[in-house]
Chemist: 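Mind having a look at this structure? Questions to follow.
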2 protein chains.
Amino acid sequence: MATSRAPRLAKKPRDQYHHGDLRRALLQAAVRTLQKQGLAALTLRAVGEELGVSRTALYRHFADKSALLTAVASEGFRMLRSALLAAWEDGGRGQVGFGAMGDAYVRFALDNPWHYRVMFGGGVELDAADPELTAAGTAAFLALLDALVEQQAQGLVRKDDPQTQATFVWALVHGIAMLAIDGTLQARGTDLGALARFSLERLRTGIGAD
Amino acid sequence: MATSRAPRLAKKPRDQYHHGDLRRALLQAAVRTLQKQGLAALTLRAVGEELGVSRTALYRHFADKSALLTAVASEGFRMLRSALLAAWEDGGRGQVGFGAMGDAYVRFALDNPWHYRVMFGGGVELDAADPELTAAGTAAFLALLDALVEQQAQGLVRKDDPQTQATFVWALVHGIAMLAIDGTLQARGTDLGALARFSLERLRTGIGAD
DNA sequence: ACCTGAACACCGTTCAAGT
DNA sequence: ACCTGAACACCGTTCAAGT
């Protein structure tokens with residue numbers, strides 16, 4: 001009961017979440033729990049407990065658990081997009097940058113395996129029609145599409161329909177990421193680095209014998 | 001209370017599963033439930049109820065739910081292998097058969113979306129070290145590997161390391177299947193048939209501009 | 001050997017009630 | 001407006017008991 005008003009703006013120990021940021025705090029706590037303990041540990045009780053809040057407080061900010069996970073997925077696509085753009089630009093927006101982008105994609109999945117799974121509806125029902133989710137997913141896809149369009153202009157890549165070409169590349173990298181996450185590749189003794197190099201080269205020239 | 005002994009071999013309404021086939025019946029009931037109602041509906045209670053058996057009877061035949069799902073996944077890989085082999089052989093074990101194999105793979109995933117997800121640990125914890133599961137998974141992979149080795153011998157495909165080449169192709173088709181299953185492709189208005197044709201062609205010749 | 005039924009410790013969600 | 005606490009209908013799993 002010493003100081004009363006002035007410092008309360010800096011530190012509000014009790015009712016910290018009575019001003020609209022509980023939603024953000026819940027989202028971050030969910031991401032943290034997912035990352036550290038996996039999907040099975042991501043219960044509404046656990047999330048609430050980590051924030052010192054009732055397990056039903058969440059319902060003020062999300063319709064249900066599915067809505068929370070949809071927000072988690074959206075956040076994941078934003079993170080992925082940032083990683084892809086950074087790799088592309090740091091790599092010089094060309095062949096090297098494109099390879100770095102692929103590596104960054106797979107690394108994101110391996111570094112955030114549970115989060116990545118949730119993004120693609122693995123084991124959870126998302127609200128697929130959610131505008132925030134579709135926007136975040138599209139933005140991440142656009143990072144890849146733009147990189148291909150730019151390489152087409154540079155004469156580095158075939159001038160196929162960009163949408164179809166980007167979908168093709170995305171499927172390849174998504175497949176590698178998924179097989180890496182669930183341990184299938186490791187179980188067969190696959191060298192992920194070697195597979196990445198092989199994939200980038202064959203993506204360019206194909207597996208045909210001509 | 002009419003007939004008593006003779007017809008009981010044909011129809012045993014009560015103790016039908018007291019002779020060792022409850023395990024198989026549980027497995028098939030689980031696959032059926034998965035196919036018709038999804039993973040969330042696949043509870044031990046539901047499976048038991050469908051067979052007119054207590055919900056704990058299962059524990060005589062499977063260590064836990066994870067073991068049941070591991071058996072479901074194994075069965076899925078056997079089904080997938082059959083589909084791949086049939087497509088490859090019916091297509092004439094060459095370029096046409098290889099394309100048919102890819103189509104069969106994606107079709108299997110689309111026809112059995114929940115089953116396919118379970119096979120790759122989507123939303124469930126499998127016993128990844130289970131010998132039956134690894135054997136079934138390897139056998140399915142071998143169908144693809146053999147097709148590539150045969151095409152290498154025919155001069156249709158580059159003589160890369162077959163294991164790495166097969167993993168590359170598998171990742172591509174797995175990625176397409178996964179994106180198709182979770183509705184991501186459809187949400188972007190992708191024509192799956194066109195994507196399949198594009199993918200098969202670019203798989204052969206690559207996306208490079210040379 | 002094989003199956004049952006009650007019990008236990010969880011879970012997401014609802015709802016009347018508090019501030 | 002925002003949060004709580006008790007209650008409800010589920011779930012997987014355990015275990016003593018039946019045949």
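Treat the numbers as computed from the prediction; the structure is a model and nothing was measured. Labels below follow one simple rule: chain letters A, B, ... track the order of the sequence lines, proteins then strands, and each chain is numbered from 1.
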Chemist: If you compare all heavy atoms of Val47(A) against all heavy atoms of Ala29(A), which two are closest, and at what distance to 0.1 Å?
Modeler: CG1-CB, 4.1 Å
Chemist: Under 3.5 Å for both distances, Watson-Crick or G-U wobble, that's the pair rule; now give the dot-bracket for DNA chain D, with | marking pairs to another strand and [ ] for crossing ones.
Modeler: ||.|||||...|||||.||
Chemist: Mind jotting down which residue pairs meet the ring pair (Phe, Tyr, Trp, His ring centres under 6.0 Å) criterion with at least one end in residues 26-60 of chain A? Sequence neighbours excluded, please.
Modeler: none
Chemist: Output side-chain donor-acceptor pairs under 3.5 Å for residues 165-177 of chain B, partner residues at least two apart or in another chain, one line each.
Modeler:
| from | atom 1 | to | atom 2 | distance (Å) |
| --- | --- | --- | --- | --- |
| Gln165(B) | OE1 | Gln152(B) | NE2 | 2.8 |
| Gln165(B) | NE2 | Arg158(B) | O | 3.0 |
| Gln165(B) | NE2 | Asp160(B) | OD2 | 3.4 |
| Thr167(B) | OG1 | Gln163(B) | O | 2.8 |
| Trp170(B) | NE1 | Tyr105(B) | OH | 3.0 |
| His174(B) | ND1 | Tyr116(B) | OH | 2.6 |

Chemist: Distances under 3.5 Å only, N/O to N/O: pair up the protein atoms with those of nucleotides 7-11 of chain D.
Modeler:
none

Chemist: Could you tell me the separation between the CG atom of Leu58(B) and the C1' atom of dA1(C), rounded to a whole number of Å?
Modeler: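 It is 16 Å, rounded to the nearest whole Å.
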Chemist: Can you pull the salt bridge (charged side-chain N to carboxylate O under 4.0 Å, His left out) pairs that have at least one residue in residues 27-51 of chain B, sequence neighbours excluded?
Modeler: Arg32(B)-Glu50(B)
Chemist: For Asp21(A) and dC2(D), give me the distance from atom CG to atom C1', rounded to whole Å.
Modeler: 13 Å
Chemist: Rounded off to whole Å, could you give me the NE2-to-P distance for the His61(B) and dC2(C) pair?
Modeler: 6 Å
Chemist: Distance check needed: dC2(C) P versus Leu51(B) CG, whole Å only.
Modeler: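 Checked: the CG to P distance equals 16 Å.
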Chemist: Residues two or more places apart in sequence or in another chain: which of them pass side-chain hydrogen bond (donor to acceptor under 3.5 Å, both in side chains) with Thr184(A)?
Modeler: Asp182(A)
Chemist: In the 5'-to-3' direction, what one-character label does each nucleotide of nucleotides 14-19 of chain D receive under the scheme B = base within less than 4.0 Å of a protein heavy atom, S = sugar-phosphate only, - = no such atom?
Modeler: B-----
Chemist: Only pairs at least two apart or in different chains count here, so list each salt bridge (charged side-chain N to carboxylate O under 4.0 Å, His left out) that has a residue in residues 91-108 of chain B.
Modeler: Glu89(B)-Arg93(B), Arg93(B)-Glu150(B)
Chemist: Listed by chain and number, what are the ring-ring contact (aromatic ring centres under 6.0 Å, His included) partners of Phe77(A), not counting sequence neighbours?
Modeler: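 Partners of Phe77(A) under the ring-ring contact (aromatic ring centres under 6.0 Å, His included) test: Phe120(A).
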Chemist: For residues 67-74 of chain B, please give each side-chain donor-acceptor pair under 3.5 Å, one per line with the distance, not counting sequence neighbours.
Modeler:
| from | atom 1 | to | atom 2 | distance (Å) |
| --- | --- | --- | --- | --- |
| Thr70(B) | OG1 | Ser66(B) | O | 2.8 |
| Thr70(B) | OG1 | Asp127(B) | N | 3.0 |
| Ser74(B) | OG | Thr70(B) | O | 3.0 |
| Ser74(B) | OG | Leu133(B) | N | 3.4 |

Chemist: How long is the line joining CG of Leu26(A) and C1' of dC3(D), in whole Å?
Modeler: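 That distance rounds to 12 Å.
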Chemist: Treating Thr190(A) as the side-chain partner and Gln186(A) as the backbone partner, does any N or O pair qualify as donor plus acceptor under 3.5 Å?
Modeler: no
Chemist: For residues 23-56 of chain A, which residue pairs pass the ring pair (Phe, Tyr, Trp, His ring centres under 6.0 Å) check, not counting sequence neighbours?
Modeler: none
Chemist: Give every residue pair that meets the salt bridge (charged side-chain N to carboxylate O under 4.0 Å, His left out) criterion with at least one member in residues 52-81 of chain B, sequence neighbours excluded.
Modeler: Arg24(B)-Glu75(B), Glu75(B)-Arg78(B), Arg78(B)-Glu132(B)
